[in-house]
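Below is one structure, written out as structure tokens, with a few remarks after it.
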Amino acid sequence: IGDHWGYGKEDGPSAWHRHYPVAKGNRQSPIDIIPNEARRDSRLGPIFLKYDQCRSLNIANNGHSVVVEFDDSDDRSVVLGGPLDNPYRLKQFHFHWGGKGCEGSEHTVAGVGYASELHVVHWNAVKYKTYNDAAAAPDGLAVLGIFLELGDDHRWLHMITDALYMVKFKGSTTDFKGFNPKCLLPSSLHYWTYLGSLTTPPLHESVTWIVLKEPIVISEKQLGMFRMLQFNGEEEDQRMRMENNFRPPQNLKERIVRSSN
Ligand SMILES: NS(=O)(=O)c1ccc(C(=O)NCc2cccc(O)c2)cc1
Ligand SMILES: [Zn+2]
């Protein structure tokens, strides 16, 4: 049966609850972050990203986004500190983006979206044996969210956009060695944090979100290259440009957002 969800009118975010009832849960993501309602918490220390030994493996089109996967067979690259009780192991990163000239981020800040959002996914290998187990546990995942705003070319993003032609269609994957996501970080690691979920099915409520306040800058030309990707496989008749692959903000319910100082 495969993935029967997408971002279209019939199979998009408003329909996901039919197969994934947790879509209407109490800790769903993304959310609208309202900075002056976030609670500054002096107990929240800085986050540390230990990516120097990271080993990227491949870049793939999974029919929903473009994903760069890492070797997560040991603790060579982890995120720690901040709201986290132990190190979380780097697994993959991927992006969400809009159509030409319109918003594309998942989280918004005081109602304002960005052109795109990068998600760096980590899992709690201290408490759980596999990613699959962690992805279903309330403290299983830690996802770093980084906003992308339009401006000049990003000096390192070309390493990713140059590879996109190799993964144009759903199900395609190609080697992608030697890429360190540290080059995609903004200068400040100040963040907001809250308890949420995966923003795509199965929408598990297993994510400690760490959303960086400072966006990185990419050009319209670079973002346009993501839109040459396709949701469909090479053999499918219907050609669908991969864009607007973002879930809109969900109800905050009984949650608070905390802010690093
Ligand atoms: N957009 S997101 O960062 O919230 C996100 C991160 C990871 C995933 C993901 O890993 N999906 C595949 C999956 C889900 C549960 C268990 C698995 O083994 C794999 C989905 C969304
Ligand atoms: Zn994501």
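Atoms within each ligand, like the ligands themselves, are counted from 1 in listed order. All heavy atoms count here, side chains included; hydrogens, waters and symmetry mates do not. Quick caveat: nothing in here was measured; it's all calculated off a predicted structure.
- Below 4.0 Å from some heavy atom of P202 lie the following atoms of ligand 1, by number and element: 14 (C), 15 (C).
- Counting atoms of ligand 1 from 1 in the listed order, those under 4.0 Å from a heavy atom of V143 are 3 (O).
- The distance from atom CZ of R247 to atom CD of Q28, rounded to the nearest 0.5 Å, is 4.5 Å.
- At least one heavy atom of W209 sits closer than 4.0 Å to an atom of ligand 1.
- Note that CG of D32 is 9.0 Å distant from CG of L252, once rounded to the nearest 0.5 Å.
- Atom 12 (C) of ligand 1 is not flagged as protein-proximal [any protein heavy atom, distance under 4.0 Å].
- Heavy atoms of H96 approach ligand 1 to within less than 4.0 angstrom.
- Near A135, meaning under 4.0 Å from any of its heavy atoms, are these atoms of ligand 1: 15 (C), 16 (C).
- Side-chain rings of H96 and H94 approach one another, their centers coming within less than 6.0 Å.
- A salt bridge between R39 and D41 is absent, with no side-chain N of the basic residue lying under 4.0 Å from a carboxylate O of the acidic one.
- Set against the non-hydrogen atoms of T200, the atoms of ligand 1 under 4.0 Å away are 20 (C), 21 (C).
- Put simply, no part of V207 is less than 4.0 Å from ligand 1, judged by heavy atoms.
- In terms of protein heavy atoms, atom 10 (O) of ligand 1 is closest to Y131 OH, 2.6 Å.
- If you number the atoms of ligand 1 from 1 as listed, the ones under 4.0 Å from a heavy atom of H119 come out as 1 (N), 2 (S), 3 (O).
- Between H204 and ligand 1, no pair of N/O atoms sits closer than 3.5 Å.
- Here the protein heavy atom with the shortest distance to atom 1 (N) of ligand 1 is T199 OG1, 2.8 Å.
- For ligand 1, the atoms lying closer than 4.0 Å to a non-hydrogen atom of N132 are 16 (C), 17 (C), 18 (O).
- The closest approach of H94 to the Zn ion (ligand 2), by N/O/S atoms, is made by NE2.
- Side-chain N or O atoms of S105 include one that pairs as donor or acceptor with a backbone N or O of Y114 at under 3.5 Å.
- Here H107 contributes atom NE2 and W209 contributes atom CH2; the two are 5.0 Å apart, rounded to the nearest 0.5 Å.
- In this structure, H94 is part of the shell of residues with a heavy atom less than 4.0 angstrom from ligand 1.
- By the 4.5 Å heavy-atom criterion applied to side chains, Y51 and R76 are not counted as neighbours.
- A ring-ring contact (aromatic ring centres under 6.0 Å, His included) with H64 holds for exactly one of W5, W97, F246; it is W5.
- In terms of polar-atom proximity, defined here as any N/O pair under 3.5 Å, Q92 makes no such contact with ligand 1.
- Inter-residue side-chain proximity for F95 and V66 is flagged as met; some heavy-atom pair is nearer than 4.5 Å.
- Centred on the Zn ion (ligand 2), the angle running from H96 (NE2) to H119 (ND1) is recorded as 100°, rounding to 10°.
- Distances from atom 4 (O) of ligand 1 to the protein include at least one heavy-atom value under 4.0 Å.
- A salt bridge is defined here as a Lys NZ or Arg NE, NH1 or NH2 lying under 4.0 Å from an Asp or Glu carboxylate O, and D75 with R89 meets this definition.
- The residues K100 and E220 are annotated as salt-bridged, a charged nitrogen and a carboxylate oxygen being separated by less than 4.0 angstrom.
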